[in-house]
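Take a look at the structure below.
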Protein chains: 2
Amino acid sequence: MANPFVQKLSGLAELTASDAAAVELATAQPRNYVARQDLIREGDEPGPMFVVLEGWVCRYKVLPSGTRQIMAFLMPGDACDLHIKLLEQMDHSIQAITTATVATVTRDQMQTMMRDHPNVASAMYTAQLVDEGIMRAWIVSMGRRSAPERVAHLICELYLRARNIGLTGEGEFALPLSQSVLADALGMTAVHINRVLKELRLAGAMSVKRGSVTILDATKLVQIAGFDENYLHRRLRRAA
Amino acid sequence: MANPFVQKLSGLAELTASDAAAVELATAQPRNYVARQDLIREGDEPGPMFVVLEGWVCRYKVLPSGTRQIMAFLMPGDACDLHIKLLEQMDHSIQAITTATVATVTRDQMQTMMRDHPNVASAMYTAQLVDEGIMRAWIVSMGRRSAPERVAHLICELYLRARNIGLTGEGEFALPLSQSVLADALGMTAVHINRVLKELRLAGAMSVKRGSVTILDATKLVQIAGFDENYLHRRLRRAA
DNA sequence: CGGGCATTTGACAACAGTCAAATCACGTGG
DNA sequence: CCACGTGATTTGACTGTTGTCAAATGCCCG
(Lines give C-alpha, C1' and ligand atoms only; values in the text may rest on other atoms or scores of the structure.)
Protein backbone atom coordinates (compact mmCIF):
# COMPACT_ATOMS: atom_id res chain seq x y z
CA MET A 1 0.00 0.00 0.00
CA ALA A 2 1.40 3.38 -1.01
CA ASN A 3 2.51 5.85 1.63
CA PRO A 4 0.11 8.78 1.28
CA PHE A 5 2.74 11.26 2.41
CA VAL A 6 5.08 10.21 -0.38
CA GLN A 7 2.14 10.31 -2.76
CA LYS A 8 1.23 13.83 -1.74
CA LEU A 9 4.78 15.20 -1.83
CA SER A 10 5.45 13.73 -5.24
CA GLY A 11 2.46 15.68 -6.48
CA LEU A 12 4.16 18.87 -5.31
CA ALA A 13 7.72 18.32 -6.57
CA GLU A 14 9.63 15.76 -8.60
CA LEU A 15 10.98 13.19 -6.17
CA THR A 16 13.74 10.76 -7.00
CA ALA A 17 13.57 7.20 -5.75
CA SER A 18 16.04 8.17 -3.07
CA ASP A 19 13.87 11.12 -1.97
CA ALA A 20 10.82 8.88 -1.73
CA ALA A 21 12.74 6.27 0.21
CA ALA A 22 13.90 8.88 2.72
CA VAL A 23 10.35 10.09 3.28
CA GLU A 24 9.14 6.53 3.59
CA LEU A 25 11.82 5.80 6.17
CA ALA A 26 11.03 8.89 8.23
CA THR A 27 7.39 7.89 8.54
CA ALA A 28 8.05 4.23 9.21
CA GLN A 29 7.17 4.41 12.90
CA PRO A 30 3.47 5.17 12.97
CA ARG A 31 1.26 5.08 15.99
CA ASN A 32 -2.44 4.36 16.22
CA TYR A 33 -5.03 6.59 17.83
CA VAL A 34 -8.67 5.98 18.56
CA ALA A 35 -11.38 8.45 17.63
CA ARG A 36 -11.42 11.53 19.85
CA GLN A 37 -7.96 10.89 21.21
CA ASP A 38 -5.74 13.97 21.43
CA LEU A 39 -2.35 13.78 19.75
CA ILE A 40 -1.25 16.89 21.60
CA ARG A 41 -3.04 19.50 23.69
CA GLU A 42 -3.03 23.25 23.92
CA GLY A 43 -0.33 24.29 26.38
CA ASP A 44 1.81 21.21 25.77
CA GLU A 45 5.35 21.61 24.63
CA PRO A 46 5.52 20.90 20.90
CA GLY A 47 7.08 17.54 20.15
CA PRO A 48 7.71 15.83 16.84
CA MET A 49 5.98 16.70 13.59
CA PHE A 50 2.89 14.58 12.87
CA VAL A 51 2.13 13.02 9.51
CA VAL A 52 -1.28 11.45 9.03
CA LEU A 53 -1.10 8.11 7.24
CA GLU A 54 -4.64 6.89 7.74
CA GLY A 55 -7.84 8.37 9.09
CA TRP A 56 -8.86 11.97 9.74
CA VAL A 57 -7.41 14.37 12.29
CA CYS A 58 -8.26 17.96 13.20
CA ARG A 59 -6.77 20.99 14.87
CA TYR A 60 -9.13 22.64 17.31
CA LYS A 61 -9.42 24.96 20.23
CA VAL A 62 -12.02 25.11 22.95
CA LEU A 63 -13.07 28.47 24.31
CA PRO A 64 -13.77 29.39 27.92
CA SER A 65 -17.48 29.15 27.12
CA GLY A 66 -16.97 25.48 26.30
CA THR A 67 -17.66 25.81 22.58
CA ARG A 68 -15.18 24.29 20.20
CA GLN A 69 -13.78 25.58 16.95
CA ILE A 70 -12.05 23.30 14.49
CA MET A 71 -9.41 25.15 12.49
CA ALA A 72 -8.26 22.48 10.08
CA PHE A 73 -8.88 18.96 8.92
CA LEU A 74 -5.90 16.75 8.18
CA MET A 75 -6.35 13.83 5.83
CA PRO A 76 -3.89 11.05 4.95
CA GLY A 77 -0.71 12.61 3.62
CA ASP A 78 -1.18 15.86 5.53
CA ALA A 79 1.44 17.00 8.02
CA CYS A 80 1.65 19.53 10.82
CA ASP A 81 3.83 22.59 10.84
CA LEU A 82 7.43 22.02 9.95
CA HIS A 83 8.97 24.37 12.43
CA ILE A 84 6.52 23.95 15.24
CA LYS A 85 9.28 23.13 17.67
CA LEU A 86 10.40 26.72 17.62
CA LEU A 87 7.40 27.66 19.73
CA GLU A 88 7.31 27.29 23.46
CA GLN A 89 3.87 25.78 23.71
CA MET A 90 0.97 24.70 21.57
CA ASP A 91 -1.70 27.32 21.02
CA HIS A 92 -4.25 24.69 20.02
CA SER A 93 -4.91 20.97 20.28
CA ILE A 94 -4.83 18.21 17.69
CA GLN A 95 -7.22 15.30 17.84
CA ALA A 96 -8.04 12.16 15.89
CA ILE A 97 -11.55 12.30 14.45
CA THR A 98 -11.61 8.69 13.34
CA THR A 99 -9.33 5.85 14.23
CA ALA A 100 -6.07 7.12 12.81
CA THR A 101 -2.54 6.05 12.02
CA VAL A 102 -0.07 8.88 12.49
CA ALA A 103 3.68 8.93 12.03
CA THR A 104 5.88 11.15 14.14
CA VAL A 105 9.02 12.68 12.72
CA THR A 106 11.52 14.24 15.08
CA ARG A 107 13.03 17.59 14.40
CA ASP A 108 16.42 16.02 13.81
CA GLN A 109 15.05 13.58 11.28
CA MET A 110 13.29 16.44 9.56
CA GLN A 111 16.36 18.62 9.39
CA THR A 112 18.51 15.82 8.08
CA MET A 113 15.97 14.85 5.47
CA MET A 114 15.40 18.39 4.28
CA ARG A 115 19.13 19.06 4.06
CA ASP A 116 19.87 15.88 2.14
CA HIS A 117 16.76 15.98 -0.02
CA PRO A 118 16.02 19.48 -1.26
CA ASN A 119 13.17 18.20 -3.43
CA VAL A 120 11.46 16.97 -0.30
CA ALA A 121 12.07 20.30 1.39
CA SER A 122 10.61 22.13 -1.55
CA ALA A 123 7.53 19.92 -1.62
CA MET A 124 7.01 20.48 2.09
CA TYR A 125 7.25 24.24 1.76
CA THR A 126 4.68 24.11 -0.98
CA ALA A 127 2.40 21.93 1.12
CA GLN A 128 2.72 24.52 3.86
CA LEU A 129 1.74 27.29 1.47
CA VAL A 130 -1.30 25.37 0.34
CA ASP A 131 -2.31 24.82 3.96
CA GLU A 132 -2.08 28.55 4.56
CA GLY A 133 -4.24 29.15 1.54
CA ILE A 134 -6.80 26.79 3.01
CA MET A 135 -6.77 28.71 6.30
CA ARG A 136 -7.34 31.94 4.45
CA ALA A 137 -10.21 30.36 2.55
CA TRP A 138 -11.74 29.32 5.87
CA ILE A 139 -11.49 32.88 7.14
CA VAL A 140 -13.26 34.09 4.01
CA SER A 141 -15.96 31.46 4.42
CA MET A 142 -16.58 32.23 8.06
CA GLY A 143 -16.63 35.93 7.46
CA ARG A 144 -18.53 36.40 4.27
CA ARG A 145 -20.39 33.28 3.23
CA SER A 146 -23.89 32.31 4.31
CA ALA A 147 -24.37 29.00 6.07
CA PRO A 148 -25.38 27.05 2.94
CA GLU A 149 -22.52 28.57 0.96
CA ARG A 150 -20.11 27.71 3.77
CA VAL A 151 -21.21 24.09 3.94
CA ALA A 152 -21.08 23.72 0.16
CA HIS A 153 -17.64 25.31 0.08
CA LEU A 154 -16.23 22.99 2.71
CA ILE A 155 -17.59 19.95 0.92
CA CYS A 156 -16.03 21.10 -2.34
CA GLU A 157 -12.70 21.56 -0.61
CA LEU A 158 -12.79 18.21 1.12
CA TYR A 159 -13.91 16.46 -2.04
CA LEU A 160 -10.97 17.79 -4.03
CA ARG A 161 -8.51 17.05 -1.27
CA ALA A 162 -9.88 13.53 -0.94
CA ARG A 163 -9.76 13.03 -4.68
CA ASN A 164 -6.16 14.17 -4.76
CA ILE A 165 -5.21 11.20 -2.63
CA GLY A 166 -7.52 8.77 -4.36
CA LEU A 167 -10.16 8.57 -1.66
CA THR A 168 -13.21 9.38 -3.74
CA GLY A 169 -15.71 7.24 -5.61
CA GLU A 170 -18.18 8.17 -8.32
CA GLY A 171 -19.63 11.50 -7.23
CA GLU A 172 -19.36 10.27 -3.69
CA PHE A 173 -16.75 10.10 -0.98
CA ALA A 174 -16.24 9.03 2.61
CA LEU A 175 -16.77 11.89 5.03
CA PRO A 176 -16.35 10.51 8.53
CA LEU A 177 -17.62 13.67 10.21
CA SER A 178 -20.67 13.86 12.42
CA GLN A 179 -22.90 16.89 12.06
CA SER A 180 -21.60 18.31 15.30
CA VAL A 181 -18.02 18.06 14.02
CA LEU A 182 -19.09 19.89 10.87
CA ALA A 183 -20.76 22.47 13.08
CA ASP A 184 -17.55 22.95 15.07
CA ALA A 185 -15.62 23.45 11.86
CA LEU A 186 -18.09 25.86 10.29
CA GLY A 187 -18.85 27.96 13.34
CA MET A 188 -22.49 27.01 13.58
CA THR A 189 -24.67 24.83 15.79
CA ALA A 190 -25.41 21.20 15.09
CA VAL A 191 -29.11 22.02 14.81
CA HIS A 192 -28.50 24.63 12.20
CA ILE A 193 -26.13 22.49 10.17
CA ASN A 194 -28.80 19.86 10.07
CA ARG A 195 -31.30 22.28 8.59
CA VAL A 196 -28.80 23.52 6.03
CA LEU A 197 -27.93 19.98 4.96
CA LYS A 198 -31.61 19.30 4.43
CA GLU A 199 -31.88 22.44 2.33
CA LEU A 200 -28.93 21.41 0.18
CA ARG A 201 -30.42 17.97 -0.24
CA LEU A 202 -33.79 19.36 -1.29
CA ALA A 203 -32.02 21.71 -3.69
CA GLY A 204 -30.54 18.61 -5.30
CA ALA A 205 -26.94 19.68 -4.70
CA MET A 206 -25.59 17.11 -2.26
CA SER A 207 -26.69 14.63 0.30
CA VAL A 208 -24.85 13.34 3.37
CA LYS A 209 -25.55 10.12 5.09
CA ARG A 210 -23.71 8.39 7.88
CA GLY A 211 -20.11 8.74 6.95
CA SER A 212 -20.36 9.66 3.30
CA VAL A 213 -21.43 12.45 0.99
CA THR A 214 -23.02 12.13 -2.42
CA ILE A 215 -22.54 15.00 -4.81
CA LEU A 216 -25.89 15.09 -6.58
CA ASP A 217 -25.09 18.02 -8.85
CA ALA A 218 -21.49 19.17 -8.89
CA THR A 219 -22.18 22.26 -10.97
CA LYS A 220 -24.90 23.39 -8.64
CA LEU A 221 -22.77 22.73 -5.58
CA VAL A 222 -19.84 24.70 -6.94
CA GLN A 223 -22.17 27.51 -7.87
CA ILE A 224 -23.77 27.65 -4.43
CA ALA A 225 -20.36 27.62 -2.79
CA GLY A 226 -18.87 30.19 -5.10
CA PHE A 227 -16.02 27.72 -5.20
CA ASP A 228 -12.83 28.55 -7.04
CA GLU A 229 -10.31 25.77 -6.70
CA ASN A 230 -7.41 28.06 -7.40
CA TYR A 231 -6.58 28.36 -3.71
CA LEU A 232 -5.77 24.67 -3.49
CA HIS A 233 -2.98 25.31 -6.01
CA ARG A 234 -3.27 22.00 -7.75
CA ARG A 235 -1.29 23.33 -10.66
CA LEU A 236 1.98 24.50 -9.25
CA ARG A 237 5.01 25.83 -10.94
CA ARG A 238 7.36 22.93 -10.95
CA ALA A 239 10.38 24.97 -11.95
CA ALA A 240 10.45 27.45 -9.10
CA MET B 1 15.43 55.39 12.37
CA ALA B 2 15.54 51.67 13.08
CA ASN B 3 14.46 49.20 10.43
CA PRO B 4 11.32 47.57 11.85
CA PHE B 5 12.02 44.30 10.08
CA VAL B 6 15.41 44.02 11.77
CA GLN B 7 13.75 44.99 15.02
CA LYS B 8 11.12 42.31 14.68
CA LEU B 9 13.50 39.55 13.65
CA SER B 10 15.89 40.28 16.48
CA GLY B 11 12.99 39.73 18.83
CA LEU B 12 12.61 36.23 17.41
CA ALA B 13 16.23 35.08 17.31
CA GLU B 14 19.64 36.39 18.31
CA LEU B 15 21.04 38.30 15.38
CA THR B 16 24.68 39.22 14.98
CA ALA B 17 25.63 42.61 13.60
CA SER B 18 26.34 40.89 10.30
CA ASP B 19 22.87 39.26 10.28
CA ALA B 20 21.24 42.61 10.94
CA ALA B 21 23.27 44.29 8.23
CA ALA B 22 22.23 41.65 5.69
CA VAL B 23 18.57 42.16 6.52
CA GLU B 24 19.00 45.90 6.34
CA LEU B 25 20.63 45.60 2.95
CA ALA B 26 17.92 43.33 1.57
CA THR B 27 15.23 45.84 2.44
CA ALA B 28 17.12 48.89 1.30
CA GLN B 29 15.02 49.43 -1.83
CA PRO B 30 11.60 50.34 -0.54
CA ARG B 31 8.73 51.61 -2.58
CA ASN B 32 5.87 53.88 -1.56
CA TYR B 33 2.21 53.13 -1.97
CA VAL B 34 -0.80 55.31 -1.41
CA ALA B 35 -3.81 54.20 0.60
CA ARG B 36 -5.95 51.63 -1.23
CA GLN B 37 -3.27 50.82 -3.73
CA ASP B 38 -2.84 47.11 -4.47
CA LEU B 39 0.65 45.68 -4.10
CA ILE B 40 -0.43 42.56 -5.96
CA ARG B 41 -3.77 41.17 -7.07
CA GLU B 42 -5.46 37.82 -6.99
CA GLY B 43 -4.54 35.93 -10.14
CA ASP B 44 -1.21 37.71 -10.58
CA GLU B 45 1.95 35.72 -10.71
CA PRO B 46 3.72 35.97 -7.34
CA GLY B 47 6.71 38.26 -7.46
CA PRO B 48 9.13 39.25 -4.73
CA MET B 49 8.47 38.95 -1.03
CA PHE B 50 7.06 42.11 0.55
CA VAL B 51 8.28 43.58 3.82
CA VAL B 52 6.30 46.42 5.33
CA LEU B 53 8.51 49.20 6.66
CA GLU B 54 5.93 51.86 7.35
CA GLY B 55 2.14 52.03 7.33
CA TRP B 56 -0.48 49.31 7.37
CA VAL B 57 -1.22 46.73 4.69
CA CYS B 58 -3.79 43.94 4.41
CA ARG B 59 -4.45 40.72 2.59
CA TYR B 60 -7.97 40.45 1.26
CA LYS B 61 -10.23 38.74 -1.16
CA VAL B 62 -13.42 39.96 -2.78
CA LEU B 63 -16.22 37.52 -3.39
CA PRO B 64 -18.46 37.28 -6.45
CA SER B 65 -21.16 39.03 -4.42
CA GLY B 66 -18.85 42.03 -4.14
CA THR B 67 -18.28 41.75 -0.40
CA ARG B 68 -14.73 41.83 0.82
CA GLN B 69 -12.99 39.80 3.49
CA ILE B 70 -9.70 40.90 4.97
CA MET B 71 -7.61 37.95 6.08
CA ALA B 72 -4.66 39.63 7.72
CA PHE B 73 -3.23 42.97 8.72
CA LEU B 74 0.45 43.61 8.18
CA MET B 75 2.18 46.23 10.30
CA PRO B 76 5.72 47.58 10.01
CA GLY B 77 8.15 44.68 10.27
CA ASP B 78 5.68 42.13 8.93
CA ALA B 79 6.49 40.18 5.78
CA CYS B 80 4.60 38.06 3.31
CA ASP B 81 5.08 34.35 2.76
CA LEU B 82 8.62 33.23 2.28
CA HIS B 83 8.02 30.66 -0.37
CA ILE B 84 5.19 32.33 -2.17
CA LYS B 85 6.99 32.09 -5.47
CA LEU B 86 6.38 28.38 -5.51
CA LEU B 87 2.75 29.00 -6.37
CA GLU B 88 1.53 29.68 -9.86
CA GLN B 89 -0.77 32.53 -9.01
CA MET B 90 -1.95 34.58 -6.06
CA ASP B 91 -5.12 33.34 -4.41
CA HIS B 92 -5.76 36.72 -2.80
CA SER B 93 -4.79 40.37 -3.11
CA ILE B 94 -2.61 42.60 -0.96
CA GLN B 95 -3.39 46.27 -0.49
CA ALA B 96 -2.04 49.28 1.36
CA ILE B 97 -4.51 50.56 3.93
CA THR B 98 -2.60 53.72 4.69
CA THR B 99 0.21 55.36 2.83
CA ALA B 100 2.88 52.69 3.13
CA THR B 101 6.54 52.06 2.54
CA VAL B 102 7.20 48.50 1.47
CA ALA B 103 10.46 46.79 0.58
CA THR B 104 10.58 44.02 -1.98
CA VAL B 105 13.04 41.18 -1.63
CA THR B 106 13.60 38.88 -4.58
CA ARG B 107 13.64 35.17 -4.18
CA ASP B 108 17.35 35.05 -4.95
CA GLN B 109 18.15 37.64 -2.31
CA MET B 110 16.06 35.68 0.15
CA GLN B 111 17.72 32.39 -0.58
CA THR B 112 21.17 33.87 -0.34
CA MET B 113 20.39 35.62 2.91
CA MET B 114 18.81 32.58 4.49
CA ARG B 115 21.67 30.36 3.44
CA ASP B 116 24.35 32.73 4.73
CA HIS B 117 22.49 33.81 7.85
CA PRO B 118 20.79 30.88 9.55
CA ASN B 119 19.74 33.10 12.45
CA VAL B 120 17.75 35.20 10.04
CA ALA B 121 16.22 32.08 8.51
CA SER B 122 15.24 30.82 11.91
CA ALA B 123 13.67 34.14 12.87
CA MET B 124 11.69 34.17 9.65
CA TYR B 125 10.38 30.66 10.18
CA THR B 126 9.26 31.66 13.62
CA ALA B 127 7.57 34.78 12.29
CA GLN B 128 5.76 32.55 9.83
CA LEU B 129 4.57 30.29 12.63
CA VAL B 130 3.28 33.23 14.59
CA ASP B 131 1.42 34.47 11.52
CA GLU B 132 -0.21 31.07 11.18
CA GLY B 133 -1.22 31.21 14.82
CA ILE B 134 -2.85 34.55 14.15
CA MET B 135 -4.78 33.10 11.22
CA ARG B 136 -6.01 30.27 13.43
CA ALA B 137 -7.06 32.78 16.07
CA TRP B 138 -9.04 34.66 13.43
CA ILE B 139 -10.81 31.45 12.43
CA VAL B 140 -11.71 30.88 16.08
CA SER B 141 -12.97 34.44 16.43
CA MET B 142 -15.08 34.32 13.32
CA GLY B 143 -16.52 30.96 14.19
CA ARG B 144 -17.19 31.11 17.87
CA ARG B 145 -17.03 34.64 19.24
CA SER B 146 -19.90 37.10 19.37
CA ALA B 147 -19.48 40.43 17.63
CA PRO B 148 -18.38 42.36 20.74
CA GLU B 149 -15.96 39.58 21.70
CA ARG B 150 -14.57 39.55 18.19
CA VAL B 151 -13.98 43.29 18.11
CA ALA B 152 -12.39 43.25 21.55
CA HIS B 153 -10.19 40.33 20.56
CA LEU B 154 -8.92 42.02 17.42
CA ILE B 155 -8.12 45.19 19.32
CA CYS B 156 -6.17 43.22 21.92
CA GLU B 157 -4.21 41.50 19.18
CA LEU B 158 -3.45 44.69 17.31
CA TYR B 159 -2.51 46.48 20.50
CA LEU B 160 0.05 43.85 21.44
CA ARG B 161 1.44 43.69 17.93
CA ALA B 162 1.73 47.45 17.82
CA ARG B 163 3.35 47.54 21.23
CA ASN B 164 5.88 44.96 20.13
CA ILE B 165 7.19 47.38 17.57
CA GLY B 166 6.96 50.43 19.78
CA LEU B 167 3.90 51.97 18.17
CA THR B 168 1.74 52.39 21.27
CA GLY B 169 1.26 55.23 23.70
CA GLU B 170 -0.25 55.25 27.17
CA GLY B 171 -3.31 52.99 26.93
CA GLU B 172 -3.79 54.27 23.44
CA PHE B 173 -2.48 53.51 19.98
CA ALA B 174 -2.86 54.54 16.36
CA LEU B 175 -5.38 52.41 14.53
CA PRO B 176 -5.66 53.75 11.00
CA LEU B 177 -8.68 51.60 10.14
CA SER B 178 -12.07 52.92 9.17
CA GLN B 179 -15.10 51.14 10.53
CA SER B 180 -15.77 49.56 7.17
CA VAL B 181 -12.24 48.15 7.09
CA LEU B 182 -12.81 46.72 10.56
CA ALA B 183 -16.09 45.29 9.29
CA ASP B 184 -14.34 43.65 6.35
CA ALA B 185 -11.82 42.10 8.71
CA LEU B 186 -14.35 40.86 11.24
CA GLY B 187 -16.95 39.56 8.83
CA MET B 188 -19.66 41.98 9.82
CA THR B 189 -21.32 45.05 8.34
CA ALA B 190 -20.12 48.59 8.95
CA VAL B 191 -23.45 49.42 10.56
CA HIS B 192 -23.16 46.61 13.04
CA ILE B 193 -19.55 47.35 13.90
CA ASN B 194 -20.60 50.87 14.69
CA ARG B 195 -23.19 49.65 17.17
CA VAL B 196 -20.76 47.25 18.78
CA LEU B 197 -18.14 49.97 19.18
CA LYS B 198 -20.72 52.12 20.90
CA GLU B 199 -21.57 49.25 23.21
CA LEU B 200 -17.91 48.72 24.11
CA ARG B 201 -17.51 52.43 24.73
CA LEU B 202 -20.56 52.54 27.01
CA ALA B 203 -19.26 49.47 28.82
CA GLY B 204 -16.12 51.48 29.55
CA ALA B 205 -13.82 49.02 27.82
CA MET B 206 -12.43 50.93 24.86
CA SER B 207 -13.16 53.85 22.63
CA VAL B 208 -12.15 54.46 19.03
CA LYS B 209 -11.95 57.78 17.38
CA ARG B 210 -10.66 58.76 13.98
CA GLY B 211 -7.45 56.85 13.65
CA SER B 212 -6.79 55.82 17.22
CA VAL B 213 -8.07 53.59 19.98
CA THR B 214 -8.08 54.29 23.68
CA ILE B 215 -8.08 51.31 25.98
CA LEU B 216 -10.28 52.52 28.83
CA ASP B 217 -10.09 49.36 30.91
CA ALA B 218 -7.58 46.76 29.76
CA THR B 219 -8.77 44.11 32.20
CA LYS B 220 -12.34 44.47 31.06
CA LEU B 221 -11.35 44.41 27.41
CA VAL B 222 -9.29 41.25 27.84
CA GLN B 223 -12.12 39.67 29.74
CA ILE B 224 -14.72 40.51 27.10
CA ALA B 225 -12.44 39.20 24.36
CA GLY B 226 -11.52 36.03 26.22
CA PHE B 227 -8.06 37.04 25.11
CA ASP B 228 -5.11 34.75 25.77
CA GLU B 229 -1.94 36.18 24.35
CA ASN B 230 -0.26 32.82 24.17
CA TYR B 231 -1.00 32.48 20.46
CA LEU B 232 1.21 35.47 19.68
CA HIS B 233 4.10 33.48 21.12
CA ARG B 234 5.90 36.42 22.57
CA ARG B 235 8.00 34.15 24.71
CA LEU B 236 9.72 31.80 22.33
CA ARG B 237 12.23 29.14 22.98
CA ARG B 238 15.45 30.71 21.95
CA ALA B 239 17.42 27.49 21.98
CA ALA B 240 15.35 25.49 19.51
C1' DC C 1 -18.30 77.32 2.17
C1' DG C 2 -19.23 73.07 -0.13
C1' DG C 3 -18.48 68.27 -1.46
C1' DG C 4 -17.59 63.74 -0.35
C1' DC C 5 -16.79 60.27 2.68
C1' DA C 6 -17.29 58.22 7.35
C1' DT C 7 -20.14 57.69 11.24
C1' DT C 8 -24.47 57.29 13.64
C1' DT C 9 -29.29 56.09 14.29
C1' DG C 10 -33.95 53.93 13.56
C1' DA C 11 -37.18 50.51 11.88
C1' DC C 12 -37.64 46.28 10.11
C1' DA C 13 -36.45 41.66 8.02
C1' DA C 14 -33.66 37.67 7.77
C1' DC C 15 -30.66 34.53 9.82
C1' DA C 16 -29.00 31.58 13.31
C1' DG C 17 -29.11 30.00 18.21
C1' DT C 18 -31.68 27.77 22.16
C1' DC C 19 -34.45 24.52 24.27
C1' DA C 20 -37.03 20.53 24.16
C1' DA C 21 -38.78 16.48 22.33
C1' DA C 22 -39.23 12.79 18.90
C1' DT C 23 -37.08 9.69 15.90
C1' DC C 24 -33.44 6.98 14.03
C1' DA C 25 -29.20 3.96 13.77
C1' DC C 26 -26.12 1.05 15.71
C1' DG C 27 -23.77 -1.96 18.98
C1' DT C 28 -24.48 -4.87 23.23
C1' DG C 29 -26.20 -8.38 25.90
C1' DG C 30 -29.79 -11.57 26.65
C1' DC D 1 -32.92 -12.91 16.73
C1' DC D 2 -34.73 -9.33 19.55
C1' DA D 3 -34.92 -5.84 23.34
C1' DC D 4 -32.45 -2.15 25.01
C1' DG D 5 -29.38 1.82 25.68
C1' DT D 6 -26.68 5.39 23.83
C1' DG D 7 -25.56 8.83 20.86
C1' DA D 8 -26.69 11.14 16.39
C1' DT D 9 -30.13 13.23 13.63
C1' DT D 10 -34.41 15.63 12.84
C1' DT D 11 -38.13 18.79 13.85
C1' DG D 12 -40.88 22.60 16.06
C1' DA D 13 -41.52 26.85 18.53
C1' DC D 14 -39.42 30.65 20.15
C1' DT D 15 -35.66 34.13 21.07
C1' DG D 16 -31.73 36.83 20.07
C1' DT D 17 -28.38 38.56 16.94
C1' DT D 18 -27.05 40.60 12.74
C1' DG D 19 -28.07 42.42 8.12
C1' DT D 20 -30.66 45.77 5.17
C1' DC D 21 -32.35 50.03 3.87
C1' DA D 22 -32.73 54.73 4.49
C1' DA D 23 -31.82 59.00 6.36
C1' DA D 24 -29.37 62.27 9.36
C1' DT D 25 -25.27 63.98 11.18
C1' DG D 26 -20.36 64.84 11.58
C1' DC D 27 -15.75 65.64 9.86
C1' DC D 28 -11.92 66.60 6.77
C1' DC D 29 -10.06 68.88 2.68
C1' DG D 30 -9.90 71.79 -0.85
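Each chain gets a letter, A, B and so on, in the order the sequences are listed, and its residues count up from 1.
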Would you indicate what [X] reaches in the nucleic acid, counting non-hydrogen atoms under 4.0 angstrom: base, sugar-phosphate, or nothing?
X: B/R36; value: sugar-phosphate
X: B/G187; value: sugar-phosphate
X: A/A147; value: sugar-phosphate

> If an axis is fit to five pairs at each end of the helix from C/dC1-D/dG30 to C/dG30-D/dC1, what is the angle between the two, to the nearest 10°?
Replying inline: 40°
Does this structure show an ion pair linking [X] with [Y], if we count only N-O contacts that are shorter than 4.0 Å?
X: B/D81; Y: B/R59; result: yes
X: A/R195; Y: A/E199; result: no
X: B/R41; Y: B/D44; result: no

>> Between A/M124 and A/L9, is there a side-chain heavy-atom distance shorter than 4.5 Å?
In response: yes
> For DNA chain C, whose closest nucleotide is more 5', that of B/S180 or that of A/R195?
Replying inline: B/S180
Rounded to whole Å, please give me the gap between [atom1] in [X] and [atom2] in [N].
X: A/R145; N: D/dG19; atom1: CZ; atom2: C1'; answer: 18 Å
X: A/L177; N: D/dT9; atom1: CG; atom2: P; answer: 10 Å
X: A/R210; N: D/dA8; atom1: CZ; atom2: C1'; answer: 6 Å
X: B/I193; N: C/dA6; atom1: CD1; atom2: P; answer: 14 Å
X: A/H192; N: C/dC19; atom1: NE2; atom2: P; answer: 16 Å
X: A/L197; N: D/dT10; atom1: CG; atom2: P; answer: 7 Å
X: B/R144; N: C/dA16; atom1: CZ; atom2: P; answer: 13 Å
X: A/L200; N: D/dT9; atom1: CG; atom2: P; answer: 16 Å

OP1, OP2 of [N] versus side-chain N and O of [X]: anything below 4.0 Å?
X: A/N194; N: D/dT10; answer: yes
X: A/K209; N: C/dA25; answer: no
X: A/Q179; N: D/dT10; answer: yes
X: A/K198; N: D/dT10; answer: no

>> Could you walk me through whether B/R68 and B/K61 satisfy the side chain to side chain contact (heavy atoms under 4.5 Å, CB included) test, starting with their C-alpha distance in whole Å, then the side-chain angles of each, then the deciding distance to 0.1 Å, before giving a yes or no?
In response: CA-CA 6 Å; B/R68 180 169 87 139; B/K61 182 167 173 113; over 6 Å; no
> Going by atom types alone, do B/T99 and B/N32 pair a side-chain donor with an acceptor below 3.5 Å?
Replying inline: no
> Would A/H153 and A/Y159 count as a close aromatic pair, with their ring centres under 6.0 Å?
Replying inline: no
